Colleague: 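What follows is a structure written as C-alpha cells; I'll ask about it next.
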Amino acid sequence: MSAFRAVVVDKTEAGQTVGMREVDEAFLMEGDVTVRVTHSTVNYKDGLAVTGKSPVVRRFPMIPGIDFAGVVERSEHPRFKAGDAVILDGFGVGETHLGGYAGMARVKGDWLLHRPDGLSAAECMAIGTAGYTAMLAVIALERHGLSPERGPAIVTGAAGGVGSVAVSLLAKAGWHVVASTGRPSEADWLKGLGAAEIVDRAELSAPGRPLGKERWAAGVDSVGSHTLANLLAQTKYGGAIAACGLAQGMDLPATVAPFILRGVSLLGIDSVFRPLPDREEAWSRLARDLDRAKLAAITTTVPFDGVIDAARGILEGRIRGRVVVEIG
Ligand code: NDP
C-alpha cells in the first residue's frame, strides 16, 4: 500500500495539533470512490479547521480541506470509473470526513461531480467552495427576479474568496457592483475585477439605523452581523440580499423594518448539503460565465508545503482572493 502525505489535525490533552504526516490508504475512511488528489484550496472554513479557532472539525484525527480536484483511482460507484476527472466541495469533507489536504481521498461517490468541461483541476480549485457559493448566491438573486436594471449590487468581504468571485460574476452579468472592503489598498484590484465603486467596510460594520437611504437592489454578504443588518436597511424596495457567511460575526442585530416596509428579502445560501442538480447548475454556470483572466487575477498558487501557513493566513486577513494548493 503506497504512502502519501497528508495534513493531519489531531487533539491532545494540550489542545489541537496540526502537521504534515506520511499515511497510507488504511488511514482513510470508508467510501466507494478513491481519488488521487491533484489540487485543493484554502477557504475560511479550512482556516478554522487548521487553527482550531472554531470547532468545525468534529472527528479526530482529521485531514482538513473541504474541496479537492483529482482523478479517480478506484470506484464501486455507478457514475464514476478509474481515470475520471472529479471535483468535490462540501458534504462535511474536511470536517467530519477526511478531506482534501492529502495525496489520496476516499469518499462517497454521491458527493463527487465530474470536473466541468472547460475548467482545469487548478481552475476548479481556484473557484472552490468559495466561488461556487458566490455562484449559488448570484443564482438565488436571479431567481428572486433581480437584474441589473433594478439598481446596484453590493458585495461585502469583497477582497476575500466568496467576495472576489461574486464581484467578477456580478460585473460580468452587467451589475453596477459596489465592493465593500477593509483593504483600501485593494481598490484598484477590485476595480480590475469589475467593481464600479468601493466602500470602506467600516461604513457598514457598526450598529446602524433600522432603515437607511435605499442604496442597492441586491447583495452578496459573506460577513454577517451588523454589516448584514446595514445591508438590509439600505436595500431598495423589493430587493434581496443573499447571505452566506459570518466573517464579522454569526449574529444578526437587525429589525424587521426592511422586510415589512420595503418587501426586502434575505436569501440564505448553504453550499455544503446543496442537492446535486443545484451543484451541477452552479458549476456549469461558472464554466460558462466566469472570466478566466479575472479568475487568474484572483488566484495565488501555493505548494502543498505552504497550505498550513495559507490556512492561518486566511483568518489573519493575509489572503487576497483565492488560493490553489498543488497537491499531486
Ligand atoms: P475570506 O477570508 O477569503 O473572505 C472573508 C472576507 O471578509 C475577508 O477577506 C474580509 O474582506 C472580510 N472580513 C473579514 N473579517 C471581517 C470583519 N471582522 N468585518 C467585516 N469584514 C470582514 O473567506 P471566504 O470568502 O472563504 O468565506 C467568507 C465567509 O463565507 C466565511 O464566513 C465562510 O465561512 C462563509 N462561507 C459560507 C459558505 C456557505 O455554504 N454558506 C461557503 C463558503 C464560505 P475585506 O478584506 O475585503 O474586508
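Order of listing sets the numbers, starting from 1, for every ligand and every atom in it. Just so we're clear, the structure is a prediction, and the values are computed from it rather than from any experiment. Numbers here simply count residues along the sequence, with the first being 1.
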Colleague: Are Arg74 and Glu25 ion-paired here, with the side-chain N under 4.0 Å from a carboxylate O?
Modeller: yes
Colleague: Looking only at protein heavy atoms, which one is nearest to atom 42 (C) of ligand 1, and what is the separation?
Modeller: Thr133 OG1, 3.1 Å
Colleague: Nearest protein heavy atom to atom 23 (O) of ligand 1, by residue and atom, and its distance?
Modeller: Tyr44 CB, 3.4 Å
Colleague: Could you tell me, atom by atom, which parts of ligand 1 come under 4.0 Å of a heavy atom of Arg183?
Modeller: 9 (O), 46 (O)
Colleague: Can any side-chain N or O of Arg322 pair as donor or acceptor with the backbone N or O of Ser164 at less than 3.5 Å?
Modeller: no
Colleague: For atom 15 (N) of ligand 1, which of Gly90, Gly321, Ala247 has the closest heavy atom?
Modeller: Ala247
Colleague: What atoms of ligand 1 come within less than 4.0 Å of a heavy atom belonging to Asp270?
Modeller: 40 (O)
Colleague: Examine ligand 1 and decide if any of its atoms is less than 4.0 Å from a heavy atom belonging to Val223.
Modeller: yes
Colleague: When you measure from atom 4 (O) of ligand 1 to every protein heavy atom, which one gives the shortest distance, and what is it?
Modeller: Gly160 CA, 3.3 Å
Colleague: Is there any N or O on Thr227 that sits under 3.5 Å from an N or O of ligand 1?
Modeller: no
Colleague: Using a strict cut-off of less than 4.0 Å between a Lys/Arg side-chain nitrogen and an Asp/Glu carboxylate oxygen, indicate whether Glu203 and Arg215 qualify as a salt bridge.
Modeller: yes
Colleague: Distance-only, no hydrogens or angles: does the Glu95 side chain make a donor-acceptor pair with backbone N or O of Arg58 under 3.5 Å?
Modeller: no
Colleague: Evaluate Asp309 against Arg318 for salt bridge (charged side-chain N to carboxylate O under 4.0 Å, His left out), listing each step before the verdict.
Modeller: CA-CA 10 Å; Asp309 180 59; Arg318 278 195 276 125; 3.3 Å; yes
Colleague: Among Arg201, Glu316, Arg322, which one has a heavy atom closest to atom 21 (N) of ligand 1?
Modeller: Arg201
Colleague: Can you report which non-hydrogen protein atom sits closest to atom 6 (C) of ligand 1, along with the distance?
Modeller: Gly157 CA, 3.8 Å
Colleague: Under the side chain to side chain donor-acceptor pair (under 3.5 Å) rule, collect the residues that match up with Glu30, sequence neighbours excluded.
Modeller: none
Colleague: Please confirm whether Trp216 and His176 have ring centers closer than 6.0 angstrom.
Modeller: no
Colleague: Indicate yes or no: does Arg288 engage Glu281 in a salt bridge with an N to O separation below 4.0 Å.
Modeller: no
Colleague: Using the six-membered ring wherever Trp is involved, compare the ring planes of Tyr132 and Trp283 and label them parallel, tilted or perpendicular (cut-offs 30° and 60°).
Modeller: parallel
Colleague: Nearest heavy atom to atom 2 (O) of ligand 1: which of Val272, Ile314, Asn43 does it belong to?
Modeller: Ile314
Colleague: Starting from atom 19 (N) of ligand 1, locate the nearest protein heavy atom and write down its residue, its atom name and how far away it is, to 0.1 Å.
Modeller: Gln248 CB, 3.5 Å
Colleague: Taking atom 48 (O) of ligand 1 as the point of reference, which of Gly182, Ala159, Ala179 owns the nearest heavy atom?
Modeller: Gly182
Colleague: Is a donor on one side and an acceptor on the other found under 3.5 Å between the side chain of Ser265 and the backbone of Leu267?
Modeller: no
Colleague: State plainly whether the residues Glu76 and Lys81 are in salt-bridge range, i.e. N to O under 4.0 Å.
Modeller: no
Colleague: Using a 4.0 Å cut-off to any heavy atom of Gly245, which atoms of ligand 1 qualify?
Modeller: 29 (C), 30 (O), 32 (O), 35 (C)
Colleague: So if I count the atoms of ligand 1 from 1 in the order they appear, which ones are less than 4.0 Å from some heavy atom of Ser271?
Modeller: 39 (C), 40 (O), 42 (C)
Colleague: Starting from atom 3 (O) of ligand 1, find the nearest protein heavy-atom neighbour and note its residue, name and distance.
Modeller: Gly161 N, 2.8 Å
Colleague: Taking distance alone, with N or O pairs closer than 3.5 Å, would you say Thr129 contacts ligand 1?
Modeller: no
Colleague: Return the residue, atom name and 0.1 Å-rounded distance of the protein heavy atom closest to atom 44 (C) of ligand 1.
Modeller: Val162 CG2, 3.9 Å
Colleague: Test: salt bridge (Lys or Arg N to Asp or Glu O under 4.0 Å). Region: residues 2-23. Which pairs qualify, not counting sequence neighbours?
Modeller: Arg5-Asp305
Colleague: Heavy-atom distance to atom 41 (N) of ligand 1: which of Asp221, Ile66, Val220, Ile269 wins?
Modeller: Ile269
Colleague: For atom 35 (C) of ligand 1, which of the options Cys244, Ser222, Gly313 provides the nearest non-hydrogen atom?
Modeller: Cys244
Colleague: May I ask you to check whether Ala130 has an N/O atom sitting below 3.5 Å from an N/O atom of ligand 1?
Modeller: no
Colleague: Taking the basic N atoms (NZ, or NE/NH1/NH2) and the acidic carboxylate oxygens, is any pair closer than 4.0 Å for Asp32 and Arg106?
Modeller: no
Colleague: Looking only at protein heavy atoms, which one is nearest to atom 45 (P) of ligand 1, and what is the separation?
Modeller: Thr181 OG1, 3.4 Å
Colleague: Any atoms of ligand 1 less than 4.0 Å from a non-hydrogen atom of Ala158? List them with their elements.
Modeller: 47 (O)
Colleague: I'd like to check Val199 versus Leu204 (side-chain heavy atoms, cut-off strictly below 4.5 Å). Are they in contact?
Modeller: yes
